[in-house]
Visitor: 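Could you have a look at this structure, given as structure tokens, before my questions?
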Amino acid sequence: MAPDATFRFDGRPVAARPGQSLAAALTEAGIRAFRETAKGARRGIFCGMGVCQDCLVTVNGQPNRRACMTPAAPGLEVATQAAFARLDPGATLPERPPARSIAPDVLVIGGGAAGLAAAAAAARAGASVVVLDERKVGGGQYYKQAAADAPLDPQQAAGAALIAEARAAGAEMMGGVEVWGAFDGLLFLAEVAGGALVARPRTAIVATGAYERPRMVPGWTLPGVMTTGAAQTLWRSYRTLPGRRVAVAGSGPLNVQVALELARGGAEVALVAEATGHPLLRPAAAAAMALTGPRLTLQGLAMLAGLRRRGVPVRYGLTLDAVEAAEGGALRATFSDGRSVTVDAVLMNDGFEPQNEILRLLGAGMDWDPAVGHLRARRGEDMQTTVPGLYAAGDCAGLGGAPAAVAEGRIAGACAAAACGHGDAWDLFADRRALARHRRFQRALWRMHSAAPRPLDDAPDATILCRCEEITLGEVRAGLADGPGHVGTLKRATRVGMGRCQGRYCAAPAARMVAAATGRPMEDVSLFAPRVPIKPVSIAAILAAQEAVDGSA
Amino acid sequence: MAAPDLLVIGGGIVGQTAAIRAAEAGMRVRLVDAGVNAGSTANAGSLHVQLQSRFIRLFPELAPNVEASLPLYLAAVREWERLEAAHGPFELVRQGGLMLAEGAEQMRFLEGKAAREAARGLSVELLDRPALDRLAPWLGPQIVGAELCRDEGKLNPLVANRALRARAAALGVEMRADRIVALEAGAGVAARGASGAVHAARQAIVAAAWGAGALVAPLGLALPVRAEPLHMNITEPGAAQIGHLIQHAERSITLKQFASGQIVIGGGWPAESRGDWATPAVRAASLLGNVALAARLVPAIAGLRVIRTWAGMNTTADGRTVLGRLPAAPSVILAVPGDAGYTLGPLAGRIAGELAAGLPAAEDIAPLSPARFAAPVRLGASAVRLSA
């Protein structure tokens with residue numbers, strides 16, 4: 001019997017393994033609703049990676065803690081988060097751990113594929129390197145390290161090797177660090193365990209990756225509906241199945257991979273719905289993918305064969321239309337051909353959005369890429385953005401996939417170190433060749449799938465667009481009738497994007513709707529202006545940062 | 001389309017309410033707004049009446065101007081209440097404002113201030129800590145007392161701005177997106193926009209806040225308006241517990257809770273200007289200093305998270321509202337409210353609209369006349385050709 005991290009939820013004991021997140025332990029216990037919204041709805045885990053702010057719970061009296069980012073610990077008193085946290089009149093300011101100030105040559109933000117490769121390259125060149133990662137355990141979304149168990153497969157083993165490589169090269173890794181502030185002159189403010197971290201690096205490499213684009217349908221906010229990546233984290237990091245019986249919908253290779261992983265883990269996968277047509281009907285696109293990436297294409301085929309062997313139906317040209325609550329806490333998912341399945345969890349991934357908030361906040365130049373429907377950072381050969389000293393590597397600069405992220409990270413790391421006088425960064429030919437190859441494969445891969453966001457024209461008015469503020473598509477459509485020339489005007493008129501997640505899901509579709517309504521290109525409409533804090537930050541943590549910054553000034 | 005009777009330059013709170021009043025009086029009104037920073041709807045919704053310590057400290061020489069205007073602030077809050085009754089709700093709450101003192105010297109300052117304000121008709125009272133605890137039991141231990149000004153309040157500016165915009169639209173006010181770069185006045189007015197369009201009308205109301213100075217300079221007015229980018233913060237929602245508008249006797253802060261449960265923290269910390277026509281950037285020192293001060297005054301909010309910050313443009317001139325026809329160009333009415341422009345905005349807008357429509361003004365505006373900034377007309381300065 002493994003050691004025990006049993007905590008209490010609303011007074012009842014919930015079994016947990018050490019390292020397991022609160023969200024995983026609650027899911028394993030069959031508890032899916034974690035909080036109540038202002039309009040009385042229930043919410044649970046959705047993104048599984050600290051972005052959506054929907055899995056909030058009260059922990060030891062502290063309101064609004066993300067269950068997906070908070071490890072279970074024995075004796076924790078966890079409670080359903082009320083819509084309006086009560087302010088304790090007798091509250092005194094919390095004790096704050098001492099703040100830490102760092103000034104490395106190279107600060108790497110994000111400990112995934114790009115960040116780890118960048119850190120290893122920069123540290124090997126002799127630069128002082130600190131890597132900040134939001135999660136307790138590094139590795140990012142692609143390598144998804146297990147919280148406690150041995151590597152599950154070669155993908156996790158490769159991540160463990162990259163973490164070891166960065167460490168061995170001398171990079172310092174800091175986990176559980178939430179970067180919430182980025183300011184000109186390269187000043188970063190972060191929260192670590194309620195305390196403050198103040199970073200004034202000589203150069204910074206942003207490697208914050210991407211998050212998943214959902215399929216917005218009626219019912220997509222119900223507890224039990226989550227991103228495919230969230231389900232993968234539950235399984236790969238915490239050995240928790242998102243449900244006994246699941247359905248997977250959207251477009252792209254992650255859906256197939258996770259469906260197979262969950263099936264191997266013992267879940268019954270009722271259906272995998274891929275929005276694009278069958279590959280055999282599109283031989284040119286399939287051939288292009290096979291030619292540019294034979295190994296990855298074979299891996300993909302093997303996954304499909306694995307699903308077939310387990311009797312999991314994979315249907316092409318099929319999209320999710322709605323999710324409703326069914327009897328006994330189950331969910332009924334309805335698809336575009338009229339079929340419906342009853343499951344415990346509905347997993348969705350309709351592509352990815354870059355986490356480019358830090359880059360945009362610091363004014364890095366961006367270009368709209370209509371093929372993938374998101375912004376790409378303008379960078380030089382050295383991965384430096386238009387802001388001197390600020391580099392970007394991996395998916396945060398525009399989707400490219402993990403292998404490309406590793407190559408970009410190695411280039412960015414070597415070049416940032418060289419800019420600080422460490423190494424000369426001339427021997428990057430192999431990395432550049434690898435990068436070109438990975439990018440060719442990505443282009444072919446996303447021709448096979450559908451990387452461009454799907455329009456919401458046919459979605460019913462009742463569909464929620466803004467999860468946080470519970471604003472429906474109908475309300476946004478009504479707001480468009482007032483003729484806002486800019487998505488910021490639409491935001492002030494409808495409150496779309498004003499909530500805790502800061503518009504990470506609704507900003508892009510809202511901007512597309514404004515662009516369509518005004519007939520202007522997306523470049524002109526832009527997204528919501530990025531603002532600090534990059535993620536919600538507790539007032540206590542701001543207080544700690546203020547003391548640290550004033551003390552060092 | 002026929003030329004409008006009235007051109008309103010600036011679509012912020014002043015321009016909106018001026019357009020509404022003039023349209024209600026039967027005028028055909030065109031409202032032109034630049035869209036960025038102008039009519040930015042960035043205000044955080046405090047209804048200020050008592051003298052703001054921040055203003056007295058920053059601009060001591062102008063404090064007498066604000067003090068003389070105190071009755072105008074009372075009338076302005078009444079105007080907000082009238083508008084809410086007609087077009088609301090705006091989530092307007094008038095539970096009063098508390099200006100906190102952290103020591104005996106600050107308390108003495110508040111005593112003197114309260115006496116001056118009472119003489120001007122404000123409903124004020126000094127509270128010691130036990131009295132304060134009955135109204136606001138969530139204050140930090142270092143607070144010794146406060147001045148309560150019962151006239152103060154708060155509203156949700158997003159809700160109010162939207163309702164007023166809808167009212168203007170319903171009255172047939174024609175809204176145009178353009179930035180006016182030059183204004184000529186004679187028998188009528190002609191305003192040239194950055195778009196190249198020339199907007200002509202019989203009269204114009206210049207409600208362009210800090211942008212008004214450049215427009216009226218060629219018309220014989222040296223209006224010392226400056227744009228002052230200011231920083232604001234908003235938290236995630238908490239239970240509704242803070243009814244008052246909170247300020248401090250010596251330091252820059254406003255703190256209030258919206259009906260949504262969110263707490264808005266502001267009070268005039270500077271933001272970083274990126275030029276008058278770009279959205280200002282947030283300064284780390286302002287965010288840290290502003291929020292840390294709020295946490296020390298109201299420790300109960302320390303567990304909440306700040307979810308967003310933003311910056312808006314405040315306008316400063318001589319502290320007193322500038323309202324009336326230009327001495328050298330009577331077809332142009334200037335409407336630039338004094339300190340706390342959002343509070344004063346609807347009253348300034350209404351009076352400007354009434355002036356344009358030839359109606360008797362709601363308040364005596366002689367002391368507010370732009371004549372105090374009259375300057376010799378610089379020949380050639382208005383040589384921009386508007387017809388052609």
Side-chain angles (χ1 to χ4, degrees), chain A residues 38 53 56 61-64 82-94 180-185 187 189 361 363 468-469 479 482-483 485-486 488-489 491-495 498-502 529 531-533 535-550 553, chain B residues 35-36 39-42 133 136-141 157-158 161-162 165-166 169 175 177 233-242 257 260-263 265 272 274 279 281-285 287-296 298-311:
Chain A
Q53 304 283 334
L56 303 179
Q62 275 200 303
N64 302 322
F84 302 99
R86 175 135 191 95
L87 313 179
D88 174 11
T92 51
L93 290 178
W180 60 264
F183 301 90
D184 292 349
L187 165 67
L189 300 175
L361 198 53
C468 302
E469 294 291 313
D482 290 345
H486 190 275
T489 317
K491 176 178 176 177
R492 287 189 287 271
T494 63
R495 297 191 64 85
M498 280 212 171
R500 291 182 174 102
C501 92
Q502 302 159 325
R531 291 272 185 239
V532 280
K535 294 274 181 79
V537 56
S538 79
I539 287 174
I542 293 176
L543 195 58
Q546 187 256 341
E547 285 165 0
V549 168
D550 274 15
Chain B
V36 178
S40 62
T41 63
D133 275 338
W138 25 255
L139 293 169
L158 296 177
N161 296 338
R162 192 169 61 225
R165 184 184 161 90
M175 315 225 190
N233 317 271
I234 188 164
T235 70
E236 59 193 345
Q241 285 165 266
I242 301 177
Q257 192 170 21
S260 66
Q262 293 174 285
I263 292 167
I265 301 165
E272 193 66 47
R274 286 187 170 168
T279 309
V282 166
R283 279 191 198 171
L287 188 160
L288 295 172
N290 196 188
V291 176
L293 176 58
R296 292 193 180 100
V298 187
I301 66 170
L304 291 180
R305 296 177 301 169
V306 170
I307 63 170
R308 198 166 59 249
T309 63
W310 75 99

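Being a predicted model, the structure only gives us computed values, none of them experimental. Scope of the values below: all heavy atoms of this structure, side chains included, with no hydrogens, waters or symmetry mates. Each chain gets a letter, A, B and so on, in the order the sequences are listed, and its residues count up from 1.
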Visitor: Who wins among B:A169, B:G238, B:A292 for the most heavy-atom pairs under 4.5 Å with chain A?
Guide: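 Top count of heavy-atom pairs under 4.5 Å with chain A: B:G238.
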Visitor: Taking side chain as everything from C-beta outward and backbone as N, CA, C, O, which of these in A:N64 sits under 4.5 Å from a heavy atom of chain B? Side chain, backbone, both or neither.
Guide: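 For A:N64, the contact with chain B is made by backbone and side chain together.
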Visitor: Where is the tightest heavy-atom contact between A:G479 and A:T494, given as atom of each residue plus distance?
Guide: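 Result for this residue pair: CA-CG2, 3.9 Å.
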Visitor: Sort B:I242 into side chain, backbone, both or neither according to what part of it lies under 4.5 angstrom from a heavy atom of chain A.
Guide: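 The answer is the side chain of B:I242.
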Visitor: Does the side chain of B:R305 pick up a donor-acceptor pair with the side chain of A:Q53 at under 3.5 Å?
Guide: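 A:Q53 and B:R305 do have a side-chain donor-acceptor pair below 3.5 Å.
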Visitor: Using 4.0 Å as the upper bound for N to carboxylate O, is an ion pair formed by A:E547 and B:R296?
Guide: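 Answer for the salt bridge query: yes.
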Visitor: Where on A:A83 is there a heavy atom nearer than 4.5 Å to chain B: the side chain, the backbone, both, or neither?
Guide: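 Backbone only.
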Visitor: Under a 4.5 Å cutoff for heavy-atom pairs, which residue among B:G289, B:A284, B:G140, B:G303 has the most contacts with chain A?
Guide: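 Looking at each of B:G289, B:A284, B:G140, B:G303 in turn, B:A284 comes out on top.
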Visitor: Examine whether an atom of A:L93 lies under 4.5 Å from a heavy atom of chain B, and if so say whether it belongs to the side chain, the backbone or both; otherwise answer neither.
Guide: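 Contact with chain B is through both the backbone and side chain of A:L93.
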Visitor: In terms of heavy-atom proximity below 4.5 Å to chain A, should B:R162 be classed as side chain, backbone, both, or neither?
Guide: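 It is the side chain, since no backbone atom gets that close.
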Visitor: Anything under 3.5 Å between a donor and an acceptor, one on a side chain of residues 538-545 of chain A, the other on a protein residue two or more places apart or in another chain? List them.
Guide:
unit_1: A:S538; atom_1: OG; unit_2: A:A541; atom_2: N; d: 3.0

Visitor: Could you tell me whether the side chain of B:E272 and the main chain of B:V282 form a donor-acceptor pair under 3.5 Å?
Guide: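 The answer is no, because no donor-acceptor pair under 3.5 Å joins these two groups.
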Visitor: Do the charged groups of A:D184 and B:R283 touch, with an N to O distance under 4.0 Å?
Guide: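 B:R283 and A:D184: not salt-bridged.
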Visitor: May I ask you to name which of A:G90, A:A38, A:P533, A:A91 has the most heavy-atom pairs under 4.5 Å with chain B?
Guide: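 Greatest number of close heavy-atom pairs with chain B: A:P533.
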